[in-house]
Protein chains: 2
Amino acid sequence: MSAINIGICGLGTVGYGSYCVLRSNSLELARRVGCEVRVSHVGSRRLRPGQDIGETRFSTDVFAVVDDPQVDILLELIGGTGIAKEVVLKAIANGKHVVTANKALIAEYGNEIFAAAAARNVMVAYEAAVAGGIPIIKAIREGLAGNSIQWLAGIINGTGNFILTEMREKSRPFADVLKEAQALGYAEADPTFDVEGIDAAHKLTILSSIAFGIPLQFSKTYTEGISGITQEDIRYADELGYRIKHLGISRRTKNGIELRVHPTLIDENSILANVNGVMNAVMVNGDAVGSTLYYGAGAGAAPTASAVVADIIDVARMISSPESSVPALAFQDDSLSDVPILAMGDVESAYYLRIAAQDKAGVLSDITEILGDCEINIEAIIQKEPRGHDASNQRVPVIILTHEIREAVMNEAISRMEKLEAVEGHITRIRVFRLDS
Amino acid sequence: MSAINIGICGLGTVGYGSYCVLRSNSLELARRVGCEVRVSHVGSRRLRPGQDIGETRFSTDVFAVVDDPQVDILLELIGGTGIAKEVVLKAIANGKHVVTANKALIAEYGNEIFAAAAARNVMVAYEAAVAGGIPIIKAIREGLAGNSIQWLAGIINGTGNFILTEMREKSRPFADVLKEAQALGYAEADPTFDVEGIDAAHKLTILSSIAFGIPLQFSKTYTEGISGITQEDIRYADELGYRIKHLGISRRTKNGIELRVHPTLIDENSILANVNGVMNAVMVNGDAVGSTLYYGAGAGAAPTASAVVADIIDVARMISSPESSVPALAFQDDSLSDVPILAMGDVESAYYLRIAAQDKAGVLSDITEILGDCEINIEAIIQKEPRGHDASNQRVPVIILTHEIREAVMNEAISRMEKLEAVEGHITRIRVFRLDS
């Protein structure tokens, strides 16, 4: 097979985001799949300002993409349960594989859609429908497949989590934060879907089905929103050692399965309680593995596109080489890269330094002069009065936090500082890693 | 295909754990794979006290399992790089698929093993080799496949994380906590592999390869342990807003790839900094998805077995129906379950109640009498003096945290309490979820 052709229906935020990721990571995609994966046809009412799809074929009628015989995999990124449903069912009828990010469509019509796909022997992949870029569908459906899942509990609506986080951290009322979320584009003009838990209920319905192997049952999901949460309740929860989070919970009990979305108090020390702002996280408890947690961005163009493209790769691998498994090291054996491993001296890092210095004039200026000489910038410094047994021998620890610098340079600076008469013994050096880098 | 036969080599903690999970979840496995998956042959020098493998064929020579023509998938759970390597290469030569939990073997000999497997067209799966039950191999290799991975940073040795957590939370010295970790069975008699970072380096080598598509290069991994970390450094890090964690870090830079294990300062507000005790977590940053995190138990019989069995299911699906993808709802279409969804009244939960009560004698006893009458147990109660505008109208909020009770009973109790003359307006009721349940 020389190339796999992708058709995109819907060129909104997620549609264009997926187009861009497919284009920018096309070489890595080919290394993973073993053949070229290209967008051959895009259907959308119009191109928005700033959207550039080069020479890619464009139709204003999405059904022109659905009926395009060249298209192998159709991306449904229209949203909603109207045209999107028609597009998906027609694509399946046309024998095309489908990738969708549409939680409402899967939660409400998934049983019908999967039956149609099974009858035509095509795949319908929907990783992007739940928790954006977090590969939670794959984790539960495959990664935890050895378990009998006991329960799952997730923060699966970023808008709601942003509101609750701001309410707690800044003591602001619900209505006030909601307005800000709308201004920031996190919440829709009509926030009902997010704030009243309908969006979360769509996602929970899907997670529950794959966790317990039950049909999709959106209509049976209990849903309660966060608009009634007050500062008073947040403060009392804090006092009791809890955080209030808007959770989707599904649990296996001897009498049946719980399926519920509502504000919930959880232990403030749990890792789930420390998921803040617009981030999503799902905790899944299996009988063998215990509790595992999956955390990341639950919305946004690029994170959602990440999940869409992962699904495309899964489907493309099945099309191009159904008898082969995923390559052992993720990329095709003949596509491994010979990028060198950096020697430690060439690694750039920020550093924490602890220097045992004698308490005399000029020590600090000697130290900072060496650092300045090596072009090492200081981010923070702590120097305290000597006390305890240090006081008797007049030693003061000097703590320095530096900006990023090549390790060889830092080693040279440390070696020079250790030669200073007023510096005693070895300097403690611990690297700092910026998780937001 | 009527059944897929598993051969197990090595019946230690993980080997017997995997045997037990395969046995206890055998019905769910068949629902997922579409045919029976059974252990047909176990090889181990001996059965330990308490191990029961029923009528399963047993050999004291592991190569009897390797050469058993009935075995489709061989589990190598011996460990180390001696006999384990021979077993794996011989099994591949015999045309068997292999599942292994052996990080040292994959990190040090993976290139040779995967080449042999590719030549024989068999699979070698190794999810259990990194971070125990967390499906991190699948997440990076498939779930994030749409991304160009930028970096990953992981707490991938539970012993080291336990030691650093105890040192910080209880102000204990390194040597003291190490002794406790040994007594608890977290650390080996010779703790070098864990505390000097060799175990973490094995795992990081594997993660780095699948993240960046490079050959396994264990010998080029920089490794620095935690035995030099002092209370002083932990306290100064705290003061600067950081935690010290033993991290494996691999990062793509323009000059090459960083591959390093060492103590590291990270922002105390990051979710990775809040991973404590023996738990593992890996943060992965992709160009599309941003940062995602995967958290869970990194060791232990059942968590590791969870990963082993997930690999078995992946391989078994490829054997039994290579043309079919993973079922849409995780289980085979004809195997969905009709377990009912519980009505909300039948859900059992703990509750947070906020009651606006008049500040007069007897109110609290009226409330607790109703709760007692409904057999609702109280876990905590907060009642404070009235203040501010509440003081003028003599209202006091009463906050009650209850134990688990059926929601219908709680609704009845709330309805009765709201009828009390001294209770004003509606009672606020928020559910509590125990994440350790």
Side-chain angles (χ1 to χ4, degrees), chain A residues 21 25 32 114 118 123 133 135 138-139 141 143 145-148 209-210 213-214 220 222 236 256-259 263-265 270 274 288-290 292-293 295-297 302-303 305-306 309-310 313 318 322-323 325 328-331 333 337 339-342 344 347 352 399 430-433 435, chain B residues 21 25 114 118 123 133 135 138-139 141 143 145-148 209-210 213-214 220 222 236 256-259 263-265 270 274 288-290 292-293 295-297 302-303 305-306 309-310 313 318 322-323 325 328-331 333 336-337 339-342 344 347 352 399 430-433 435:
Chain A
V21 172
N25 289 350
R32 289 180 187 274
F114 296 141
M123 287 172 261
K138 186 172 284 282
R141 205 168 63 164
N147 293 263
S148 172
S209 277
I210 61 171
I214 56 176
K220 294 183 183 165
Y222 173 81
Y236 282 118
I257 286 167
E258 299 174 3
L259 200 49
T264 314
L265 272 72
S270 70
N274 289 287
V289 74
T292 57
L293 177 128
Y295 165 94
S306 165
V309 175
I313 292 171
M318 284 295 292
E323 299 278 348
S325 57
L329 292 177
F331 295 81
D333 301 338
S337 155
V339 185
I341 303 299
L342 276 187
M344 209 51 206
V347 167
Y352 159 100
I399 312 298
I430 310 178
R431 298 173 192 88
V432 179
F433 190 68
L435 293 165
Chain B
V21 172
N25 289 350
F114 296 140
M123 286 172 262
K138 187 173 281 283
R141 206 169 62 164
N147 292 264
S148 172
S209 276
I210 60 171
I214 55 175
K220 294 184 183 165
Y222 173 82
Y236 281 118
I257 286 167
E258 298 173 3
L259 199 50
T264 314
L265 271 73
S270 69
N274 289 287
V289 74
T292 56
L293 178 129
Y295 164 95
S306 165
V309 175
I313 291 171
M318 284 294 293
E323 299 278 346
S325 57
L329 292 178
F331 295 81
D333 301 338
L336 290 183
S337 154
V339 185
I341 304 296
L342 277 187
M344 208 53 205
V347 166
Y352 160 99
I399 312 299
I430 310 177
R431 298 171 191 88
V432 179
F433 191 69
L435 293 165

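Just so you know, these numbers use all the heavy atoms, side chains as well, and skip hydrogens, waters and symmetry mates. Within every chain, numbering begins at 1; the chains are lettered A, B, ... in the order of the sequence lines, protein sequences first and strands thereafter.
- In terms of heavy-atom pairs under 4.5 Å with chain B, the best-connected choice from A:L329, A:L259, A:V339, A:I214 is A:L329.
- Atom CG of B:L265 and atom CZ of A:F433 lie 13.0 Å apart (nearest 0.5 Å).
- The part of A:I313 that comes within reach of chain B is its side chain, from C-beta onward, which places non-hydrogen atoms under 4.5 angstrom from that chain.
- The candidate with the highest count of non-hydrogen atom pairs below 4.5 Å against chain B, out of A:P263, A:G290, A:S148, is A:S148.
- The distance from atom OG of B:S306 to atom CG of A:N147, rounded to the nearest 0.5 Å, is 3.5 Å.
- Residues satisfying the side chain to side chain donor-acceptor pair (under 3.5 Å) criterion with A:R431, sequence neighbours excluded, are A:E407, B:Y222, B:E224.
- Highest contact tally toward chain A, considering only B:L293, B:D333, B:L336, is held by B:L293 [criterion: heavy-atom pairs under 4.5 Å].
- When A:V21, A:I430, A:N274 are compared by the number of non-hydrogen pairs under 4.5 Å with chain B, A:I430 comes out ahead.
- Of all the listed residues (B:G296, B:G256, B:G133), the one sharing the greatest number of non-hydrogen pairs under 4.5 Å with chain A is B:G256.
- Ranked by non-hydrogen atom pairs under 4.5 Å with chain A, the options B:V289, B:T264, B:V309, B:T292 are led by B:V289.
- Contact between A:E258 and B:L342 at its shortest, heavy atoms only, is CG-CD1, 3.8 Å.
- Contact annotation for A:F331: only side-chain heavy atoms (C-beta onward) come within less than 4.5 Å of a heavy atom of chain B.
- Heavy-atom pairs under 4.5 Å with chain B peak, among A:A145, A:P340, A:S209, A:A302, at A:A145.
- For A:A305, no part lies under 4.5 angstrom from a heavy atom of chain B.
- Distance check, rounded to the nearest 0.5 Å: OG of A:S325 to CE of B:M123 gives 5.0 Å.
- Within the 4.5 angstrom heavy-atom criterion, only side-chain atoms of A:I399, from C-beta onward, approach chain B.
- Chain B forms more heavy-atom pairs under 4.5 Å with one residue of A:A310, A:A288, A:A297 than with any other, namely A:A288.
- Ranked by heavy-atom pairs under 4.5 Å with chain A, the list B:A118, B:A330, B:G213, B:S270 is led by B:G213.
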